[in-house]
Protein chains: 2
Amino acid sequence: MQEGQIADVLKALAHPSRIKIIQVLEKGERCVKDLEKLVMIKQSNLSQHLRILKDKGILECERDGMEMCYRIKDRKILDVIKCTEKFFT
Amino acid sequence: MQEGQIADVLKALAHPSRIKIIQVLEKGERCVKDLEKLVMIKQSNLSQHLRILKDKGILECERDGMEMCYRIKDRKILDVIKCTEKFFT
DNA sequence: TTAGTTTATTAGTTTATTATAATATCCTGA
DNA sequence: TCAGGATATTATAATAAACTAATAAACTAA
């Protein structure tokens, strides 16, 4: 397995807002409007972070009327974060 | 657990050369000279990457005569990389 | 002490990432 | 169709990260 691919996924995760997004979506899917309130960053910036996560196959989304619903595409990504948390213990 | 701390560790990992360094050290400790050959980057750059990993508590080092020996300080970090690899399967 | 080897640090340049504001697009309901 | 709300995109400015070359520091052996 190439270290470049591994680094790429880790880089997609390596931002406080993006970790927060994943932690919120771990509990269930959310539209952007909700995420905006929960993550507390501006809409355009949130949209950029969501795109980074979607491009890496970490999230997926689906339109629901006027809203766009985001959810975790592959829950294996949660293990990466869990392991990172354990690193501090 | 704060998302900032998690992001910090992930950011320290999120570089191909640093992943490579960890993969090499997984098998045993190595001096910088050896790492230079194995990771194939310039000495000064390698030294900078090593510092980033050491500062985050991922690596530790010990002088051995003229050489500086690096090793993985906390092997829990290996699980983070393993989980990331599994993400692709 | 001096020369040689290994590693670390620094300064400068280039490149990448992030955040913001402005604008565009997509969809719904009137 | 048009207005308005939700989301995405773009351009740009600020900041951070990465790489290189040069130099310094730590150590050894002669």
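If you measure from atom CE of B/M68 to atom P of C/dT5, you get 19 Å, rounded to the nearest angstrom. Rounded to whole angstrom, the span from the CG atom of B/D34 across to the P atom of C/dT5 amounts to 17 Å. B/L59 has its CG atom 14 Å from the P atom of C/dT7, to the nearest Å. Between A/L10 atom CG and C/dT17 atom C1' the separation is 17 Å, expressed in whole Å. With rounding to whole Å, B/K54 atom NZ is found 7 Å from C/dT9 atom P. Atom pair B/E36:CD and D/dT20:P shows a separation of 12 Å (rounding to whole Å applied).
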Full working for side chain to side chain contact (heavy atoms under 4.5 Å, CB included) between A/I77 and A/L53
CA-CA 11 Å; A/I77 203 68; A/L53 293 169; over 6 Å; no

Begin with the C-alpha distance, continue with both residues' side-chain angles, and end with the deciding distance and a verdict on side chain to side chain contact (heavy atoms under 4.5 Å, CB included) for A/V39 and A/K20.
CA-CA 6 Å; A/V39 180; A/K20 182 75 184 169; 4.1 Å; yes

A/E36 and A/K33: side chain to side chain contact (heavy atoms under 4.5 Å, CB included), yes or no, with the steps?
CA-CA 5 Å; A/E36 202 180 333; A/K33 209 77 198 144; 3.8 Å; yes

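D/dC19: Watson-Crick or G-U partner is C/dG12, with both key distances under 3.5 Å.
Sparse packing is recorded around CD of B/Q2, with 12 or fewer heavy atoms of other residues, nucleotides or ligands lying under 6.0 Å away. Counting heavy-atom neighbours within 6.0 Å of A/K76 NZ, excluding the residue itself, gives a total above 12.
Using a 4.0 Å heavy-atom cutoff across all strands shown, A/K11 reaches sugar-phosphate atoms only and no base atom.
With hydrogens and angles ignored, a donor-acceptor pair under 3.5 angstrom links the side chain of A/Q48 to the base of C/dT20.
The heavy-atom pair separating A/E60 from A/K73 by the smallest distance is OE1-CG, 3.5 Å. When all heavy atoms are compared, the tightest approach of B/A7 to A/P16 is CB-N, 3.5 Å.
Ionic pairing of A/K56 and A/D8 is present here: one or more N-O contacts between side-chain nitrogen and carboxylate oxygen are shorter than 4.0 angstrom.
Taking a 4.0 Å limit (strictly below) on heavy-atom distances, residues 13-33 of chain B reaches DNA chain C at B/C31, B/V32, B/K33. The stretch residues 37-45 of chain A touches DNA chain D through A/Q43, A/S44, each having a heavy atom under 4.0 angstrom from the strand.
The side chain to side chain contact (heavy atoms under 4.5 Å, CB included) test with B/I6 singles out one residue from A/V80, A/I81, A/I22, A/L13, and that residue is A/I81.
For B/R51 and C/dT9, the shortest distance from a side-chain N or O to OP1 or OP2 is below 4.0 Å. In terms of phosphate contacts, A/H49 brings a side-chain nitrogen or oxygen within less than 4.0 Å of OP1 or OP2 of C/dA19. Regarding contacts with the backbone of D/dA6, every side-chain N or O of A/Y70 stays at 4.0 angstrom or more from both OP1 and OP2.
Put simply, the side chain of A/R30 never gets that close to the backbone of A/Y70: no donor and acceptor are under 3.5 Å apart. Checked by atom type and distance alone, the side chain of B/R71 never pairs as donor or acceptor with a backbone atom of B/L25 at under 3.5 Å.
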Take nucleotides 24-30 of chain D nucleotide by nucleotide from the 5' end and write B, S or -, depending on whether a protein heavy atom sits under 4.0 Å from the base, only from the sugar-phosphate, or from neither.
--SBS--

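When hydrophobic clusters are built by joining Ile, Leu, Val, Met, Phe, Trp and Tyr residues whose side-chain heavy atoms come closer than 4.5 Å, directly or via intermediates, B/M66 is not grouped with B/L50.
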